[in-house]
Number of protein chains: 2
Amino acid sequence: MYFYENFIFVTLSEEDYIKAIYHLGKTQTAAVSTNAIAKRMATKPSSVSDMLRKLSDKGLVNYKRYKGVTLTDEGIATALNLVRKHRLWEVFLVDKLEFTWDEVHEVAEQLEHIKSEKLIDKLDQHLGFPEVDPHGDPIPSKNGEFKTSIKKLLKDLSIGTTGICVGVKDSSKTFLKFLDRKKIALGDEIKVLEREEFDGSLHIDIDGRDLHISKQIATNLYVKEV
Amino acid sequence: MYFYENFIFVTLSEEDYIKAIYHLGKTQTAAVSTNAIAKRMATKPSSVSDMLRKLSDKGLVNYKRYKGVTLTDEGIATALNLVRKHRLWEVFLVDKLEFTWDEVHEVAEQLEHIKSEKLIDKLDQHLGFPEVDPHGDPIPSKNGEFKTSIKKLLKDLSIGTTGICVGVKDSSKTFLKFLDRKKIALGDEIKVLEREEFDGSLHIDIDGRDLHISKQIATNLYVKEV
DNA sequence: ATTTTTATTTTGTCTAAATAAAAAAATGGC
DNA sequence: GCCATTTTTTTATTTAGACAAAATAAAAAT
């Protein structure tokens, strides 16, 4: 074994699997199932089984047949690096190239696979070492450290505080249309003025306008506290 | 045939072949040979034959067995788009991320494959619609138009004119070491003061310093006239 | 005109990744 | 504890791309 060869080459599609396992694993304590991965990646369970064996051989996942899969430390590091790259590119697209929040994902999905440590370090610096992406999700540091998410539901903001609208929980057409009519858009500054006790509805100030919105709305809007 | 499906999906390695054919074709009038492509791409002639047949099926090249290959209009458009993307990314890396001229190629080689028209348009705008890359090579416009190269050899500059050092013709270690000792670097502004008739050597002003360099040196340094 | 050399293509294998169909293991209900 | 169902794995194929060895075409030399 050549000691200077202690890094593993990870292919593009292996990276995609690692990311899927990482994101599925976040919301649960148990190991991630083959079917769940297949569904998320729009592929077949048989393909997933195959890949899990390979990833296991490379030491990126802990895999017990029929028992689901978890990431090893190596796998977690790989995943965090991908998340870091994805989110930094998203910041770049929005801050520097004037993309809107909803256009960035597909492109960032490609850019995150570019392999160059220097590129990412320089990009990070160029962007002013941002801590969150345009959706309010935290950007892991180079060594994999994380701020806990500062993204909250609007309904959880306390009275008097201000947040910037960074995303939606319900991304259905009807909801987006509704937001459009109410002229609520990504990036808007929202200050919570008052909460009605009996129905949980909120009085808010949004870019100078006063608005009264139902609890349901406030439950489906993500904001980033400022 | 669905008329809205008039674009061909080109895979990553197809793109690499197209680029190789394009660059080899520039320097010659005849069709490009299989072996030449193989040598440039560090692959085997058999692999090239295989790929040429595929590219021909897709209408990207004109291919006659044993007779070499040329790009179709479609192929040229594809190549120019790749060159455009490659060079724009190089400008980005140098202007925005402080890469040096010699570090950009490998990364740009990856970035050029990112598929998003909007991304490139926005990047172009962000960079101020540059006409040349950091090596002084021209950047094709969106519809494939080209300024002729404004890159020259230092020896071809006329007396009194100024150029910015953008590259080397001879990239041997000895030459690069020599430049280093003489403190001649990429980006330096060089003004030609005088040319000695009998040996073609040049007196130059480089960032305020006076220097006397041989014809051989002047023949291996590229400058971009200002 | 024939032979030799060189360039190119064909053929058969190989690997990575995907799929469908078949087999095996796990699980929930009784 | 056993059966039916669901989940997962295995096996056999497929496709894109690459390569080595063998075959063939073109060019050069005799």
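Every chain is numbered from 1, with letters handed out A, B, ... down the list of sequences.
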Could I get a table of every N or O pair under 3.5 Å where one atom is in the protein and the other is in nucleotides 2-6 of chain C?
none

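- Here the C1' atom of nucleotide C/dA26 and the NZ atom of A/Lys67 are 7 Å apart, to the nearest Å.
- Residue B/Leu179 holds its CG atom at 10.0 Å from OG1 of B/Thr174, rounded to the nearest 0.5 Å.
- Side-chain nitrogen and oxygen atoms of A/Asn35 include none within less than 4.0 Å of the OP1 or OP2 phosphate oxygen of D/dT6.
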Test B/Lys58 against B/Glu74 for salt bridge (charged side-chain N to carboxylate O under 4.0 Å, His left out), laying out the working first.
CA-CA 10 Å; B/Lys58 287 195 176 179; B/Glu74 195 88 34; over 6 Å; no

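- More than 12 heavy-atom neighbours from other residues, nucleotides or ligands sit within 6.0 angstrom of NZ on A/Lys118.
- Atom pair B/Ile37:CD1 and D/dG17:P shows a separation of 15 Å (rounding to whole Å applied).
- Evaluation of the ring pair (Phe, Tyr, Trp, His ring centres under 6.0 Å) test over residues 12-63 of chain A, restricted to residues two or more places apart or in two chains, returns none.
- Using a 4.0 Å cut-off on heavy atoms, the residues of residues 39-62 of chain B that approach DNA chain C are B/Pro45, B/Ser46, B/Ser49, listed by number.
- In terms of phosphate contacts, B/Arg65 brings no side-chain nitrogen or oxygen within less than 4.0 Å of OP1 or OP2 of D/dT24.
- A/Glu131 CD to A/Ser141 OG: the interatomic distance, rounded to the nearest 0.5 Å, is 10.0 Å.
- Residue A/Tyr17 places at least one side-chain N or O closer than 4.0 Å to OP1 or OP2 of C/dA18.
- Taking atom CZ on B/Phe9 and atom P on D/dA16, their separation rounds to 12 Å, with Å as the unit.
- Atom CD of B/Glu15 and atom C1' of D/dA16 are 15 Å apart (whole Å).
- Close to D/dT8, at under 4.0 Å from its OP1 or OP2, lies a side-chain N or O of A/Ser33.
- Considering only side-chain N and O atoms, A/Thr34 lies under 4.0 angstrom from the phosphate OP1 or OP2 of D/dT9.
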Pair A/Ser201-A/Asp199, side-chain hydrogen bond (donor to acceptor under 3.5 Å, both in side chains): steps then yes or no:
CA-CA 5 Å; A/Ser201 66; A/Asp199 69 351; 2.8 Å; yes

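- Screening A/Arg84, A/Lys85, A/Lys19, A/Arg87 against A/Glu112 for a side-chain hydrogen bond (donor to acceptor under 3.5 Å, both in side chains) leaves a single residue, A/Lys19.
- Set against C/dT9, C/dA24, D/dA27, the side chain of A/Tyr66 has C/dA24 as its closest nucleotide.
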side-chain hydrogen bond (donor to acceptor under 3.5 Å, both in side chains), that's the test. Do B/Asp170 and B/Ser172 meet it? Break it down for me.
CA-CA 6 Å; B/Asp170 170 5; B/Ser172 68; 2.9 Å; yes

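- With contacts defined as side-chain heavy-atom distances shorter than 4.5 Å, the pair B/Ile37/B/Leu52 qualifies.
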